[in-house]
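Written out below as structure tokens is the structure these notes cover.
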Amino acid sequence: MIGRLNHIAIAVPSLAAASAKYRDLLGARVGQPQALPEHGVTVVFIDTGNTKVELLEPLGEDSPIVAFLAKNPTGGMHHICFEVPDIAAAAQTLTAGGARVLGDGTPKIGAHGRPVLFLHPKDFDGTLIELEEV
Ligand code: CO
């Protein structure tokens with residue numbers, strides 16, 4: 001069902017500081033910040049050639065990564081995102097197999113303008129998994 005690794009997301013306390021480190025110290029191709037109010041985050045994508053790194057900073061009081069950063073004040077790996085060809089079919093197969101889709105179970109539009117959903121980390125060995133339809 002899953003295809004290539006689309007990105008690895010890292011929650012950071014400061015998007016500006018993290019972006020500067022990736023650009024200036026690691027010499028990475030760092031994109032422009034993108035506010036995603038519907039997801040409660042501002043994101044920066046870093047193209048590493050074979051995949052991307054997504055830096056996440058909280059946006060607003062209800063940001064879903066506020067609690068994560070409270071537990072991990074210096075930041076940390078937040079989720080990994082796999083590509084799927086049909087997200088509705090993927091959700092159906094997963095829920096039929098006993099995995100939990102977060103939220104109301106319906107996909108939202110993600111940072112790349114495509115449908116995404118998240119799977120409960122307790123169902124996947126402590127890792128939050130995002131699926132993106134491509
Ligand atoms: Co993501």
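Counting convention: from 1, in listed order, for ligands and their atoms alike. Being a predicted model, the structure only gives us computed values, none of them experimental.
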Distance-minimising heavy-atom pair for A111 and F45:
CB-CE1, 3.6 Å
With a 4.5 Å heavy-atom cut-off, do L94 and F124 have their side chains touching?
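Yes, at least one pair of side-chain atoms sits under 4.5 Å.
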Output, by chain and residue number, all protein N/O/S atoms separated from the Co ion (ligand 1) by less than 2.8 Å.
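Protein N/O/S atoms under 2.8 Å of the Co ion (ligand 1): H7 NE2, E54 OE1, H79 NE2, E130 OE1.
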Spacing of CG belonging to N6 relative to CZ belonging to F82, to within rounding of 0.5 Å
10.5 Å
Considering only residues two or more places apart or on different chains, which pairs with a residue in [range] satisfy salt bridge (Lys or Arg N to Asp or Glu O under 4.0 Å)?
{"range": "residues 99-119", "result": "R100-D123"}
{"range": "residues 31-40", "result": "none"}
{"range": "residues 73-94", "result": "R4-E83"}

